[in-house]
Protein chains: 2
Amino acid sequence: MNQSLHEPKYTIKDVAEITGLTKHTIRYYDDQQLIPFVSRDGRNNRLFSDHDLDWLRMVHSFRVSGLPISEVKHYIAMCLQGDETIPDRAELVAKQEKELEAKIHAYNLQLMHIKEKKAYYKSVLAGQLNDTWNPVNNNPECGEKYDIPEHIHSASKAHVSP
Amino acid sequence: MNQSLHEPKYTIKDVAEITGLTKHTIRYYDDQQLIPFVSRDGRNNRLFSDHDLDWLRMVHSFRVSGLPISEVKHYIAMCLQGDETIPDRAELVAKQEKELEAKIHAYNLQLMHIKEKKAYYKSVLAGQLNDTWNPVNNNPECGEKYDIPEHIHSASKAHVSP
DNA sequence: ATATTGACTTCGAGTAACTCGAATACTTAA
DNA sequence: TTAAGTATTCGAGTTACTCGAAGTCAATAT
């Protein structure tokens, strides 16, 4: 536990530069209590330590992966509380893992569709096809058709005016 | 070009059921002109054709992949305009491909970190470790450290009150 | 005949997570 | 002494939903 990790070193500008986040966002995270130990100097300016950077990195990576701020807050509260919260933390992390996997899956699917669109446009531009596939007419460019449940059949519920 | 594709068949409830979107969201997309040909029945109720479902599927998949509504709108406008917009459409699609790939990359990275956290908690729970790795003390759970640019050095800009 | 149910409509407010600009304050360099 | 640069807070704006209220209409149950 190096004391220098807790020595304030960086201004908000430094942190913005280091992390790639905007100063606005960093202040917002601080206001939301997502970086619990940020100190201030004699002029009330925020001063960040390496340790604060660690926290910020953690918060940032949780946010990038889609965890809402409220849950990041909850996670942080548990960290501050102590070892007895480890089972709960482990649970939250497992849930987040599932969500990430689902997202990666969905994105890979969408990437496939995009690649098909791209290939299609390429062949149209090469003059091998004309745009009969245009979404205005009929649109097979965007991948999977929806599954239409059996109980929904043409005009089933469409009340036509008498 | 089957005429039946353009026959109104589904109520908003059907569409919600088919797509998994909420009725609210579907109405919102319609209000935003993201489904250009939706018709109404004698009671002013929305009525969707298979063709409308195709559009909605396209819109939905663009949104899932993170394209802002404004750009989906732009894409739709180009589709409606005709073949001469194909180069621009291809460009938009290529840009979107890049973004998806970047996202998938970031998510995979985050997934790695999450798996590490998970493994760490598991070993703590198994009693092999105590929580000296806790983010309160020092936090190596969250992956990559930020690169700190050379020109930022300890307390470089930290004005200490005189 | 009337009441309930259920589906639709529009409208307007609420939410999350930023995002931005304005007003203000302080220091330092020209 | 003025301008540049950095910081602060505060409050409003944005995006993409998300939700509920209020109203309308038609079929069904009593």
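To find a chain, count down the sequence lines: A is the first, B the second, and so on, and within it residues start at 1.
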Can you see if the side chain of A:Lys23 gets near the phosphate of D:dA7 - specifically, an N or O under 4.0 Å from OP1 or OP2? yes

To the nearest 10 degrees, the angle between the two end axes of the helix from C:dA1-D:dT30 to C:dA30-D:dT1 (five pairs per end) comes to 20°

Taking salt bridge (charged side-chain N to carboxylate O under 4.0 Å, His left out) as the test, write out the residues that go with B:Lys95, two or more places apart. B:Glu71

B:Arg43 has a side chain; which of D:dT8, D:dC17, D:dC25 sits nearest to it? D:dC25

From CD1 of A:Ile26 across to C1' of D:dT8 the rounded distance in Å is 15 Å

Check the phosphate of C:dA16 against A:Ser70, side-chain N and O only, distance under 4.0 Å to OP1 or OP2. Yes or no? no

Side-chain contact check for A:Ile12: nearest option of D:dA7, C:dT10, D:dT9 is D:dA7

So does A:Thr22 get a side-chain nitrogen or oxygen closer than 4.0 Å to the phosphate oxygens (OP1/OP2) of C:dT19? no

Checking contacts here: which listed nucleotide (C:dC18, D:dT18, C:dA17) is nearest the side-chain heavy atoms of B:Thr25? D:dT18

Looking at A:Arg40, does any N or O in its side chain come under 4.0 Å of the phosphate oxygens OP1/OP2 on D:dA7? no

Let's see if you can work this out: which of D:dC17, C:dT10, C:dA17 has an atom nearest to the side-chain heavy atoms of B:Arg46? C:dT10

If you count the non-hydrogen atoms of other residues, nucleotides and ligands that lie under 6.0 Å from CD in A:Gln33, is the total more than 12? no

Any protein N or O atoms within reach of nucleotides 11-15 of chain C? Criterion: under 3.5 Å, listing atom names and distances.
none

Write down the distance between CG (B:Asn45) and P (D:dC25), rounded to a whole number of angstrom. 11 Å

With sequence neighbours excluded, tell me which residues meet salt bridge (charged side-chain N to carboxylate O under 4.0 Å, His left out) with B:Arg46. B:Asp30, B:Asp31

Contacts of A:Lys118 meeting salt bridge (charged side-chain N to carboxylate O under 4.0 Å, His left out) (sequence neighbours excluded), chain-then-number -> B:Glu97

With a 3.5 Å cut-off and no angle check, do the side chains of B:Tyr10 and B:Asp52 form a donor-acceptor pair? no

Just to verify, what does B:Glu91 make a salt bridge (charged side-chain N to carboxylate O under 4.0 Å, His left out) with, not counting sequence neighbours? none

